[in-house]
Amino acid sequence: MEIIKEPQLDYLGTVANSPQWTFPLHEHCNHCELVIILNGKGRMIINDKIHYVERGDVIIYNSKTLHEEFSNAQSPIEFIYFGIRSLKIKELEDNTILPIKCNPKMNMEKYFPTIETLVALIYKEFSDKKEGFESICSAQLSTIIHLIHRVSFRNERKNKFEPINSQLIKKYLDENYKKELQLKDIAKEFNISTYYLSHLFFESYQVSPINYINNRRIGEAKLLLLNTNKKIKEIANLLGYTDENYFSHFFKNKTGESPLNYKKNELTRRISN
(Lines give C-alpha, C1' and ligand atoms only; values in the text may rest on other atoms or scores of the structure.)
Protein backbone atom coordinates (compact mmCIF):
# COMPACT_ATOMS: atom_id res chain seq x y z
CA MET A 1 0.00 0.00 0.00
CA GLU A 2 1.40 3.38 -1.06
CA ILE A 3 0.03 6.70 0.16
CA ILE A 4 0.45 9.20 -2.66
CA LYS A 5 -1.22 12.13 -0.91
CA GLU A 6 -1.08 12.30 2.88
CA PRO A 7 -4.36 12.45 4.84
CA GLN A 8 -5.37 15.82 6.28
CA LEU A 9 -7.48 15.94 9.42
CA ASP A 10 -10.60 18.01 8.80
CA TYR A 11 -12.34 17.39 12.13
CA LEU A 12 -12.55 14.98 15.05
CA GLY A 13 -15.13 14.20 17.69
CA THR A 14 -16.11 11.76 20.39
CA VAL A 15 -19.21 9.87 21.49
CA ALA A 16 -19.54 8.52 25.05
CA ASN A 17 -22.00 7.87 27.89
CA SER A 18 -25.09 8.02 25.71
CA PRO A 19 -27.04 4.72 25.79
CA GLN A 20 -29.68 5.92 23.31
CA TRP A 21 -27.23 7.55 20.88
CA THR A 22 -27.91 7.06 17.17
CA PHE A 23 -26.89 8.79 13.97
CA PRO A 24 -29.28 8.42 10.99
CA LEU A 25 -28.35 7.22 7.52
CA HIS A 26 -25.83 9.52 5.84
CA GLU A 27 -22.69 9.66 3.70
CA HIS A 28 -19.59 11.86 3.40
CA CYS A 29 -19.11 13.13 -0.14
CA ASN A 30 -15.90 15.16 0.18
CA HIS A 31 -13.99 13.19 2.78
CA CYS A 32 -13.75 9.80 4.45
CA GLU A 33 -14.15 8.97 8.11
CA LEU A 34 -12.26 6.70 10.49
CA VAL A 35 -13.92 5.50 13.71
CA ILE A 36 -12.00 3.93 16.62
CA ILE A 37 -14.12 1.99 19.15
CA LEU A 38 -12.67 2.62 22.61
CA ASN A 39 -15.30 0.99 24.84
CA GLY A 40 -18.82 -0.36 24.91
CA LYS A 41 -20.74 -1.90 22.03
CA GLY A 42 -22.77 -0.74 19.09
CA ARG A 43 -24.29 -1.56 15.74
CA MET A 44 -23.26 0.04 12.46
CA ILE A 45 -25.18 -0.43 9.22
CA ILE A 46 -22.82 0.10 6.30
CA ASN A 47 -24.19 -0.24 2.76
CA ASP A 48 -27.19 -2.19 4.14
CA LYS A 49 -25.03 -4.67 6.05
CA ILE A 50 -25.07 -4.84 9.87
CA HIS A 51 -21.76 -4.77 11.73
CA TYR A 52 -21.66 -5.27 15.51
CA VAL A 53 -18.71 -3.44 17.05
CA GLU A 54 -16.87 -3.32 20.36
CA ARG A 55 -13.57 -2.16 21.85
CA GLY A 56 -10.63 -2.83 19.56
CA ASP A 57 -12.59 -2.42 16.33
CA VAL A 58 -12.04 0.24 13.72
CA ILE A 59 -14.68 1.30 11.23
CA ILE A 60 -13.81 2.70 7.81
CA TYR A 61 -16.27 4.93 5.99
CA ASN A 62 -14.91 5.58 2.53
CA SER A 63 -16.20 8.67 0.76
CA LYS A 64 -19.82 8.25 -0.45
CA THR A 65 -20.44 5.21 1.78
CA LEU A 66 -23.96 5.14 3.25
CA HIS A 67 -24.00 4.31 6.94
CA GLU A 68 -25.94 4.73 10.18
CA GLU A 69 -24.89 4.10 13.76
CA PHE A 70 -26.47 2.92 17.01
CA SER A 71 -25.19 2.60 20.56
CA ASN A 72 -25.94 -0.44 22.71
CA ALA A 73 -28.24 0.60 25.58
CA GLN A 74 -26.77 -1.92 28.04
CA SER A 75 -23.15 -1.19 27.12
CA PRO A 76 -23.04 2.34 25.67
CA ILE A 77 -20.55 2.80 22.91
CA GLU A 78 -17.54 5.09 23.26
CA PHE A 79 -15.53 6.08 20.22
CA ILE A 80 -13.50 8.80 18.55
CA TYR A 81 -13.95 9.67 14.90
CA PHE A 82 -11.75 11.47 12.40
CA GLY A 83 -12.91 13.29 9.28
CA ILE A 84 -10.15 12.93 6.68
CA ARG A 85 -9.72 14.82 3.42
CA SER A 86 -7.14 14.95 0.62
CA LEU A 87 -6.21 11.27 1.05
CA LYS A 88 -4.96 9.48 -2.04
CA ILE A 89 -3.78 5.86 -1.95
CA LYS A 90 -2.33 4.28 -5.06
CA GLU A 91 -4.95 2.52 -7.21
CA LEU A 92 -7.83 3.73 -4.99
CA GLU A 93 -10.31 6.58 -5.45
CA ASP A 94 -9.74 9.84 -3.60
CA ASN A 95 -10.61 9.67 0.11
CA THR A 96 -10.81 5.88 0.06
CA ILE A 97 -9.05 4.11 2.93
CA LEU A 98 -9.74 0.51 1.86
CA PRO A 99 -10.94 -1.12 -1.37
CA ILE A 100 -14.71 -1.52 -1.49
CA LYS A 101 -14.43 -5.34 -1.42
CA CYS A 102 -12.75 -5.24 2.00
CA ASN A 103 -14.62 -5.51 5.27
CA PRO A 104 -15.16 -1.93 6.55
CA LYS A 105 -14.96 -3.21 10.13
CA MET A 106 -11.97 -5.01 11.59
CA ASN A 107 -10.52 -5.81 14.98
CA MET A 108 -7.00 -4.46 15.35
CA GLU A 109 -6.00 -7.01 18.04
CA LYS A 110 -2.33 -6.56 19.01
CA TYR A 111 -2.10 -3.21 17.20
CA PHE A 112 -4.89 -1.59 19.18
CA PRO A 113 -2.70 -0.31 22.06
CA THR A 114 -0.49 1.41 19.47
CA ILE A 115 -3.55 2.92 17.80
CA GLU A 116 -4.82 4.19 21.16
CA THR A 117 -1.49 5.97 21.70
CA LEU A 118 -1.63 7.52 18.23
CA VAL A 119 -5.25 8.57 18.74
CA ALA A 120 -4.37 10.31 22.02
CA LEU A 121 -1.56 12.22 20.32
CA ILE A 122 -3.80 13.28 17.43
CA TYR A 123 -6.50 14.45 19.84
CA LYS A 124 -4.04 16.54 21.87
CA GLU A 125 -2.31 18.08 18.85
CA PHE A 126 -5.56 18.91 17.08
CA SER A 127 -7.04 20.40 20.26
CA ASP A 128 -3.97 22.50 21.15
CA LYS A 129 -3.25 23.58 17.57
CA LYS A 130 0.37 24.43 18.23
CA GLU A 131 2.93 24.96 15.47
CA GLY A 132 3.20 21.93 13.18
CA PHE A 133 0.08 20.19 14.51
CA GLU A 134 -1.28 19.54 10.99
CA SER A 135 1.84 17.61 9.98
CA ILE A 136 1.89 15.65 13.23
CA CYS A 137 -1.78 14.67 12.88
CA SER A 138 -1.25 13.70 9.24
CA ALA A 139 1.71 11.48 10.13
CA GLN A 140 -0.19 9.65 12.88
CA LEU A 141 -3.21 9.13 10.63
CA SER A 142 -0.93 7.69 7.95
CA THR A 143 0.49 5.24 10.49
CA ILE A 144 -3.01 4.14 11.51
CA ILE A 145 -4.00 3.66 7.86
CA HIS A 146 -0.88 1.57 7.23
CA LEU A 147 -1.77 -0.64 10.23
CA ILE A 148 -5.34 -1.01 8.94
CA HIS A 149 -4.01 -2.19 5.57
CA ARG A 150 -1.64 -4.60 7.30
CA VAL A 151 -4.49 -6.23 9.25
CA SER A 152 -6.80 -6.17 6.22
CA PHE A 153 -4.16 -7.90 4.07
CA ARG A 154 -3.62 -10.56 6.73
CA ASN A 155 -7.38 -11.16 6.98
CA GLU A 156 -7.65 -11.35 3.21
CA ARG A 157 -4.95 -14.02 3.03
CA LYS A 158 -6.51 -15.99 5.86
CA ASN A 159 -10.14 -15.82 4.85
CA LYS A 160 -9.86 -15.20 1.12
CA PHE A 161 -13.02 -13.18 1.59
CA GLU A 162 -15.04 -16.28 2.37
CA PRO A 163 -18.20 -14.92 3.98
CA ILE A 164 -18.41 -15.61 7.69
CA ASN A 165 -21.72 -17.27 8.49
CA SER A 166 -23.19 -19.21 11.37
CA GLN A 167 -22.75 -22.54 9.55
CA LEU A 168 -18.98 -22.02 9.34
CA ILE A 169 -18.86 -21.14 13.03
CA LYS A 170 -20.95 -24.18 13.95
CA LYS A 171 -18.67 -26.42 11.89
CA TYR A 172 -15.66 -25.03 13.76
CA LEU A 173 -17.34 -25.61 17.13
CA ASP A 174 -18.29 -29.17 16.18
CA GLU A 175 -14.67 -29.87 15.29
CA ASN A 176 -13.20 -28.20 18.38
CA TYR A 177 -15.75 -28.53 21.19
CA LYS A 178 -13.37 -30.72 23.21
CA LYS A 179 -10.92 -27.84 23.51
CA GLU A 180 -11.00 -25.21 26.24
CA LEU A 181 -12.37 -22.46 24.01
CA GLN A 182 -13.36 -19.01 25.17
CA LEU A 183 -15.52 -16.65 23.16
CA LYS A 184 -12.49 -14.51 22.30
CA ASP A 185 -10.68 -17.58 20.90
CA ILE A 186 -13.56 -18.35 18.53
CA ALA A 187 -13.86 -14.72 17.46
CA LYS A 188 -10.12 -14.55 16.75
CA GLU A 189 -10.37 -17.64 14.53
CA PHE A 190 -12.82 -15.77 12.27
CA ASN A 191 -11.35 -12.27 12.71
CA ILE A 192 -14.63 -10.91 14.02
CA SER A 193 -15.63 -9.31 17.32
CA THR A 194 -17.06 -11.37 20.17
CA TYR A 195 -20.15 -9.18 20.02
CA TYR A 196 -20.77 -9.90 16.33
CA LEU A 197 -19.97 -13.60 16.81
CA SER A 198 -22.55 -13.97 19.59
CA HIS A 199 -25.28 -12.16 17.66
CA LEU A 200 -24.63 -14.01 14.40
CA PHE A 201 -24.64 -17.43 16.03
CA PHE A 202 -27.62 -16.78 18.30
CA GLU A 203 -29.74 -15.52 15.41
CA SER A 204 -29.34 -18.90 13.68
CA TYR A 205 -29.35 -21.36 16.59
CA GLN A 206 -30.97 -19.52 19.53
CA VAL A 207 -28.03 -20.45 21.72
CA SER A 208 -24.69 -18.79 22.43
CA PRO A 209 -21.49 -20.36 21.04
CA ILE A 210 -20.28 -21.30 24.53
CA ASN A 211 -23.61 -22.90 25.49
CA TYR A 212 -23.54 -24.77 22.19
CA ILE A 213 -20.13 -26.19 23.12
CA ASN A 214 -21.41 -27.13 26.58
CA ASN A 215 -24.47 -28.83 25.11
CA ARG A 216 -22.29 -30.81 22.69
CA ARG A 217 -20.10 -31.94 25.56
CA ILE A 218 -23.09 -33.05 27.63
CA GLY A 219 -24.57 -34.89 24.65
CA GLU A 220 -21.33 -36.73 23.96
CA ALA A 221 -20.92 -37.48 27.67
CA LYS A 222 -24.36 -39.09 27.75
CA LEU A 223 -23.52 -41.29 24.78
CA LEU A 224 -20.25 -42.41 26.33
CA LEU A 225 -21.94 -43.14 29.66
CA LEU A 226 -24.62 -45.27 28.03
CA ASN A 227 -22.63 -47.02 25.31
CA THR A 228 -19.23 -47.66 26.90
CA ASN A 229 -17.77 -48.91 30.16
CA LYS A 230 -15.41 -45.99 30.46
CA LYS A 231 -14.85 -44.47 33.88
CA ILE A 232 -16.02 -40.93 34.66
CA LYS A 233 -12.43 -39.68 34.65
CA GLU A 234 -11.82 -41.14 31.18
CA ILE A 235 -14.98 -39.55 29.80
CA ALA A 236 -14.06 -36.22 31.36
CA ASN A 237 -10.61 -36.35 29.76
CA LEU A 238 -12.02 -37.33 26.36
CA LEU A 239 -14.27 -34.28 26.43
CA GLY A 240 -11.53 -31.85 27.40
CA TYR A 241 -12.06 -31.69 31.16
CA THR A 242 -8.92 -32.06 33.25
CA ASP A 243 -10.82 -32.18 36.54
CA GLU A 244 -13.16 -35.13 37.07
CA ASN A 245 -14.96 -33.42 39.95
CA TYR A 246 -15.58 -30.29 37.89
CA PHE A 247 -16.98 -32.41 35.06
CA SER A 248 -19.32 -34.26 37.44
CA HIS A 249 -20.52 -31.01 38.99
CA PHE A 250 -21.03 -29.46 35.55
CA PHE A 251 -22.92 -32.53 34.32
CA LYS A 252 -25.24 -32.50 37.33
CA ASN A 253 -25.81 -28.78 37.00
CA LYS A 254 -26.91 -29.26 33.39
CA THR A 255 -28.93 -32.49 33.72
CA GLY A 256 -30.03 -32.61 37.34
CA GLU A 257 -28.22 -35.92 37.87
CA SER A 258 -24.66 -36.98 38.52
CA PRO A 259 -23.03 -38.93 35.65
CA LEU A 260 -23.33 -42.24 37.53
CA ASN A 261 -26.96 -41.66 38.50
CA TYR A 262 -27.79 -40.64 34.94
CA LYS A 263 -26.24 -43.85 33.60
CA LYS A 264 -28.00 -46.02 36.18
CA ASN A 265 -31.42 -44.43 35.69
CA GLU A 266 -31.22 -44.28 31.91
CA LEU A 267 -30.12 -47.91 31.55
CA THR A 268 -33.04 -49.08 33.67
CA ARG A 269 -35.37 -47.36 31.20
CA ARG A 270 -33.63 -48.75 28.12
CA ILE A 271 -34.65 -51.94 26.34
CA SER A 272 -31.84 -53.49 24.32
CA ASN A 273 -31.45 -56.59 22.20
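Since the model is a prediction, treat every value here as computed from it, not as a measurement.
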So which heavy atom on [X] is nearest to which on [Y], and how close?
{"X": "G83", "Y": "H31", "answer": "CA-CD2, 4.2 Å"}
{"X": "V151", "Y": "N107", "answer": "CG1-O, 3.9 Å"}
{"X": "V207", "Y": "F202", "answer": "N-CD1, 3.4 Å"}
{"X": "F190", "Y": "L168", "answer": "CZ-O, 3.7 Å"}
{"X": "L38", "Y": "E116", "answer": "CD2-OE2, 4.3 Å"}
{"X": "P259", "Y": "F251", "answer": "N-CD2, 3.7 Å"}

Determine, step by step, whether I186 and I210 satisfy the side-chain contact (heavy atoms from CB on, under 4.5 Å) criterion, reporting the C-alpha distance in whole Å, the side-chain angles of both residues, the deciding distance to 0.1 Å, and the verdict.
CA-CA 9 Å; I186 305 167; I210 297 302; 4.3 Å; yes

Would you say [X] has more than 12 foreign heavy atoms packed within less than 6.0 Å of its [atom1]?
{"X": "Q167", "atom1": "CD", "result": "yes"}
{"X": "E93", "atom1": "CD", "result": "no"}
{"X": "K5", "atom1": "NZ", "result": "no"}
{"X": "N229", "atom1": "CG", "result": "no"}
{"X": "E91", "atom1": "CD", "result": "no"}

[X] side chain vs [Y] backbone, donor-acceptor pair below 3.5 Å:
{"X": "N237", "Y": "E234", "result": "no"}
{"X": "N215", "Y": "N211", "result": "yes"}
{"X": "H28", "Y": "K64", "result": "no"}
{"X": "S86", "Y": "P7", "result": "no"}
{"X": "S193", "Y": "Y52", "result": "yes"}
{"X": "N95", "Y": "N30", "result": "yes"}
{"X": "N62", "Y": "I97", "result": "yes"}
{"X": "K263", "Y": "L225", "result": "yes"}

Working for side-chain contact (heavy atoms from CB on, under 4.5 Å), residues F133 and L9:
CA-CA 10 Å; F133 78 94; L9 184 57; over 6 Å; no

Decide side-chain contact (heavy atoms from CB on, under 4.5 Å) for K230 and L238; before the verdict, give the C-alpha distance in whole Å, the side-chain angles of both, and the deciding distance to 0.1 Å.
CA-CA 10 Å; K230 294 183 183 298; L238 283 172; 3.6 Å; yes

Is there side-chain contact between [X] and [Y], with at least one heavy-atom pair below 4.5 Å?
{"X": "I89", "Y": "I145", "answer": "yes"}
{"X": "M106", "Y": "S152", "answer": "yes"}
{"X": "P76", "Y": "P19", "answer": "yes"}
{"X": "L66", "Y": "L25", "answer": "yes"}
{"X": "I60", "Y": "L34", "answer": "yes"}
{"X": "I50", "Y": "R43", "answer": "yes"}
{"X": "P209", "Y": "L173", "answer": "yes"}
{"X": "F247", "Y": "I232", "answer": "yes"}

Ring-face cation contact, F126 with K129, 6.0 Å cut, 45° max:
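Because its charged atom sits under 6.0 Å from the ring centre and within 45° of the axis, K129 does stack over F126.
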
Same cluster or not: [X] versus [Y], using hydrophobic residues (I, L, V, M, F, W, Y) connected whenever any side-chain heavy atoms lie under 4.5 Å apart?
{"X": "L87", "Y": "I136", "value": "no"}
{"X": "Y123", "Y": "V35", "value": "no"}
{"X": "L121", "Y": "I144", "value": "no"}
{"X": "I37", "Y": "L98", "value": "no"}
{"X": "V58", "Y": "F79", "value": "no"}

Does this structure show an ion pair linking K222 with E257, if we count only N-O contacts that are shorter than 4.0 Å?
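Result for this pair is no, no salt bridge flagged.
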
In terms of ring plane angle, is the pair F201 and Y212 parallel, tilted or perpendicular, where the classes change at 30° and 60°?
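Perpendicular.
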
Going by the angle between their ring planes, with limits at 30° and 60°, are Y241 and Y246 parallel, tilted or perpendicular?
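It falls in the tilted class, 30° to 60°.
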
Value rounded to 0.5 Å, distance of [atom1] in [X] from [atom2] in [Y]:
{"X": "M44", "Y": "I77", "atom1": "CE", "atom2": "CD1", "result": "4.0 Å"}
{"X": "T65", "Y": "I46", "atom1": "OG1", "atom2": "CD1", "result": "8.0 Å"}
{"X": "N103", "Y": "H51", "atom1": "CG", "atom2": "NE2", "result": "5.5 Å"}
{"X": "S204", "Y": "I169", "atom1": "OG", "atom2": "CD1", "result": "8.0 Å"}
{"X": "W21", "Y": "E69", "atom1": "CH2", "atom2": "CD", "result": "4.0 Å"}
{"X": "I213", "Y": "S208", "atom1": "CD1", "atom2": "OG", "result": "8.5 Å"}

Which residue pairs pass the salt bridge (Lys or Arg N to Asp or Glu O under 4.0 Å) test when at least one of the two sits in residues 168-185, sequence neighbours left out?
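Qualifying pairs, neighbours excluded: K170-D174, K171-E175, D174-R216, E180-R217.
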
Stepwise side-chain contact (heavy atoms from CB on, under 4.5 Å) check, D57 with F112
CA-CA 8 Å; D57 290 336; F112 194 68; over 6 Å; no

Residue pairs passing the side chain to side chain donor-acceptor pair (under 3.5 Å) test where at least one lies in residues 134-147, sequence neighbours excluded:
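Matches after skipping sequence neighbours: E6-S142.
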
Quick check, are the ring centers of Y61 and Y81 under 6.0 angstrom apart?
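Centroid separation for Y61 and Y81: 6.0 Å or greater.
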
